[in-house]
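We number each residue from 1, following the sequence as shown.
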Amino acid sequence: MSSRTSPISRPITIRRAVARDAKRLTRLVRGSGAYAGKYASAVAGYRVGPDYIEAHRTYVAVGSDEHGDRVLGFYSLVLAPPELDLLFVADEAQGRGIGRLLVAHMQSEARAAGLDRVKVVSHLPAEDFYHRVGAVRTGTALANPPAVPWDRPEFEFRIPSE
C-alpha cells in the first residue's frame, strides 16, 4: 500500500482491490462519461467481478472525504501477456493527477514483476492521456463488433529496469 499526495489536496492511497470493491469498480466503468453516446455499447453490461479482481493485479486509488474512503480510479495489470487491461478515473476526479499516479504505480508493479513492456489498447477519447503519460503508439486494434465497432489506438509502456 502506498500513500501519495496529489493535486486534489487530500492524500490518495493506492491499494490492491478486494472483492468488496467489485460493485464500485463496475459502477465507475459503466458511469464513465468517456463511454457516453456512441461508445456506450462498449461498457453496457460490463462487470468487474470479484473473480476478475482475484485473477488480475487490480489496484484502486482511494481518497478520503466526508463519507469515508472513496474510490477515485483503478487499473488492472495482466501479466501474461503483459497488458494494462483497464484504467478508469471517476469523471469528477479527472484532471487532478490520479490517472498519472495510477500509471506510475502500474509501471512500478510491472517492473517488480519483471516486465519490460506493457501493451494498452486505448479508448479513443483516452489517446491523448496515454501520450502525455509516456506511452508510445505501436499500432491499431481493429474493430470487434458488436461490442466495439470502431478501431482503437494501441500503445506500449516501456518499463526500464532500475
Side-chain angles (χ1 to χ4, degrees), residues 1-110 112-113 115 118-130 133 135 141 143-150 152 155 157:
M1 190 184 304
S2 64
S3 260
R4 300 189 178 148
T5 302
S6 78
I8 64 170
S9 78
R10 292 191 174 115
I12 303 297
T13 300
I14 298 178
R15 64 163 171 79
R16 189 83 185 241
V18 294
R20 72 176 178 275
D21 292 319
K23 287 183 181 176
R24 289 194 285 184
L25 302 186
T26 296
R27 280 194 302 272
L28 205 152
V29 170
R30 289 184 187 174
S32 173
Y35 284 91
K38 71 179 184 176
Y39 299 120
S41 65
V43 295
Y46 196 90
R47 180 177 168 268
V48 179
D51 52 337
Y52 180 90
I53 290 169
E54 187 176 315
H56 305 296
R57 293 184 182 209
T58 306
Y59 289 86
V60 295
V62 179
S64 296
D65 64 14
E66 59 278 5
H67 306 295
D69 285 344
R70 186 163 159 254
V71 173
L72 301 171
F74 77 101
Y75 77 88
S76 179
L77 176 63
V78 176
L79 297 182
E83 182 173 2
L84 177 60
D85 188 41
L86 299 170
L87 174 63
F88 281 85
V89 174
D91 289 353
E92 65 276 7
Q94 290 182 10
R96 299 175 180 176
I98 295 165
R100 191 172 289 278
L101 283 174
L102 288 168
V103 166
H105 190 274
M106 178 277 299
Q107 290 172 311
S108 177
E109 286 295 311
L115 303 177
V118 175
K119 173 184 165 180
V120 180
V121 177
S122 175
H123 181 48
L124 287 169
E127 185 172 5
D128 288 340
F129 167 77
Y130 285 112
V133 296
N144 185 17
V148 186
W150 52 85
R152 294 159 293 155
F155 289 90
F157 283 102

Query raised in the report: Hey, what do you get for CG (Leu101) to CD1 (Ile12), rounding to the nearest 0.5 Å?
Result: 7.0 Å

Report task. Mind telling me whether Tyr35 and Phe88 have parallel, tilted or perpendicular rings, with 30° and 60° as the class edges? Result -> tilted

Report task. Indicate yes or no: at least one non-hydrogen side-chain atom of Met106 is less than 4.5 angstrom from one of Phe157. Result -> yes

Report summary line: Closest heavy-atom pair, Tyr52 versus Val48, reported as atoms and distance to 0.1 Å, is CD2-CG1, 3.9 Å

Query raised in the report: At what distance, to the nearest 0.5 angstrom, does CZ of Arg47 lie from CZ of Arg27?
Result: 13.0 Å

Report summary line: Tested for side-chain contact (heavy atoms from CB on, under 4.5 Å) against Tyr39, the lone hit among Ser32, Pro149, Pro125 is Pro125

Query raised in the report: Which heavy-atom pair separates Leu79 from Ala113 by the least distance, and what is that distance?
Result: CD2-CB, 3.9 Å

Requested in this report: Check whether any side-chain heavy atom of Val103 sits under 4.5 Å from a side-chain heavy atom of Phe129, and report yes or no.
Outcome: yes

Query raised in the report: Are Arg15 and Asp21 ion-paired here, with the side-chain N under 4.0 Å from a carboxylate O?
Result: yes

Report summary line: dist Leu115:CG -> Gln107:CD (nearest 0.5 Å) comes out at 11.5 Å

Query raised in the report: Should Leu87 and Tyr130 be marked as a side chain to side chain contact (heavy atoms under 4.5 Å, CB included) after you check the CA-CA gap, both sets of side-chain angles, and the distance that decides it?
Result: CA-CA 11 Å; Leu87 174 63; Tyr130 285 112; 3.6 Å; yes

Requested in this report: Of all the heavy-atom pairs spanning Leu102 and Gly73, show the shortest one and how long it is.
Outcome: CD1-C, 3.9 Å

Query raised in the report: Do any N or O atoms from the side chain of Arg100 and from the backbone of Val133 form a donor-acceptor pair under 3.5 angstrom?
Result: no

Query raised in the report: Can you list every pair that meets salt bridge (Lys or Arg N to Asp or Glu O under 4.0 Å) and has a residue in residues 82-91, with sequence neighbours left out?
Result: none

Query raised in the report: Which distance, rounded to the nearest 0.5 Å, do you find between the OH of Tyr46 and the CG of Leu25?
Result: 10.5 Å

What pairs of donor and acceptor atoms, side-chain ones from residues 54-61 against any protein atom, are under 3.5 angstrom apart with sequence neighbours left out?
from: Thr58; atom 1: OG1; to: Ser76; atom 2: OG; distance (Å): 3.4
from: Tyr59; atom 1: OH; to: Glu109; atom 2: OE1; distance (Å): 2.9

Query raised in the report: Is a side-chain donor or acceptor of His105 paired with a backbone partner of Ile14 at a separation under 3.5 angstrom?
Result: no

Requested in this report: Calculate, to the nearest 0.5 Å, the distance between atoms NZ and CG belonging to Lys119 and Leu84 respectively.
Outcome: 11.5 Å

**Report entry** Which atom of Ala22 lies closest to which atom of Gly49, heavy atoms considered
**Finding:** CB-C, 3.9 Å

Requested in this report: Report yes if some heavy atom in the side chain of Phe74 is under 4.5 Å from a heavy atom in the side chain of Ile53; otherwise report no.
Outcome: no

